[in-house]
Amino acid sequence: MITLKGENIYIRALEPNDLEFIYAIENDESIWEVSNTQTPYSRFLVRQYLENAHQDIYEAKQLRLAICTSQNFQALGLIDLFDFDPKNNRAGVGIVIQGNENRNQKAGSEALELMIRYAFYHLNLHQLYANIGNENEASIALFTKFGFQCIGTKKDWNLVNGEYRDESIFQLINEQF
């Protein structure tokens, strides 16, 4: 089981008892835009996903970890590596913190730092990337804080509430590899 500890949070592998937490996140319409979700998930589908969450990143090509507080061990978000490409040593990274009360509390920043360290030093990745809507100022600030650079913009990429919006790709190169 993967557990990575920071000062105030830790990120860990998903557990069967995360069912209700994941169900709530996957069915939170306010974040469907950033997660490219268009339909609700059933508890049955989330349970099936959790049953397969033990798969190795090399097999599943993704890794989803729960972001938990060190104080009360409560899960407050998820951080993912996706599109894992071991041939080219790269992966996408995404993060979601549930509820406005948990945002801007530095948990996302600490979790992203832990995931970058894990990706570069344990998986030996050469690069990480993130796809971020241009209006998502909080995510842009978070990723650029850790050295991600905007390398391009996809025009009219996402249709949101009947309006096309641009999405940029941010990239972080691991200079040590």
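The heavy-atom pair separating A111 from I67 by the smallest distance is CB-CD1, 3.7 Å.
In this structure a side-chain-to-backbone donor-acceptor pair under 3.5 Å is present from T144 to A141. Using modelled atom types, one side-chain atom of D56 and one backbone atom of Y58 make a donor-acceptor pair closer than 3.5 Å. Side-chain atoms of N158 do not come within 3.5 Å of backbone N or O of V160 as any donor-acceptor pair.
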Please walk me through it: do L78 and I95 pass side-chain contact (heavy atoms from CB on, under 4.5 Å)?
-> CA-CA 6 Å; L78 299 168; I95 186 168; over 6 Å; no
List the steps and the verdict of side chain to side chain donor-acceptor pair (under 3.5 Å) for D83 and Y129.
-> CA-CA 10 Å; D83 291 343; Y129 70 89; 2.8 Å; yes
I would like to know whether L125 and N174 meet side-chain contact (heavy atoms from CB on, under 4.5 Å); could you show each step before the answer?
-> CA-CA 7 Å; L125 294 184; N174 183 354; over 6 Å; no
E26/R47 under salt bridge (Lys or Arg N to Asp or Glu O under 4.0 Å): CA gap, chis, key distance, verdict = CA-CA 12 Å; E26 293 294 355; R47 187 176 297 112; over 6 Å; no
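Taken together through direct or relayed side-chain contacts under 4.5 Å among Ile, Leu, Val, Met, Phe, Trp and Tyr, F146 and V93 form part of one hydrophobic cluster. In this structure, L45 is not a member of the same hydrophobic cluster as F82, with clusters built from ILVMFWY side-chain heavy atoms closer than 4.5 Å.
Checking D166 against T153 by side-chain atom types alone, no donor-acceptor pair falls below 3.5 Å.
With respect to E113 and R117, a salt bridge is recorded, a charged nitrogen being found less than 4.0 Å from a carboxylate O. Between R12 and D18 there is a salt bridge, since at least one side-chain N of the basic residue sits less than 4.0 Å from a carboxylate O of the acidic one. Between E167 and K155 there is no salt bridge, since no side-chain N of the basic residue sits under 4.0 Å from a carboxylate O of the acidic one. Of the charged side-chain nitrogens involved, none lies within less than 4.0 Å of a carboxylate oxygen, so that K145 and E110 do not count as a salt-bridged pair.
Atoms OG and CG, on S168 and N131 in that order, are 9.5 Å from each other to the nearest 0.5 Å. How far CD of E137 is from CD1 of I132: 12.0 Å, rounded to the nearest 0.5 Å.
Between F148 and F170, the distance from one ring center to the other does not fall under 6.0 angstrom.
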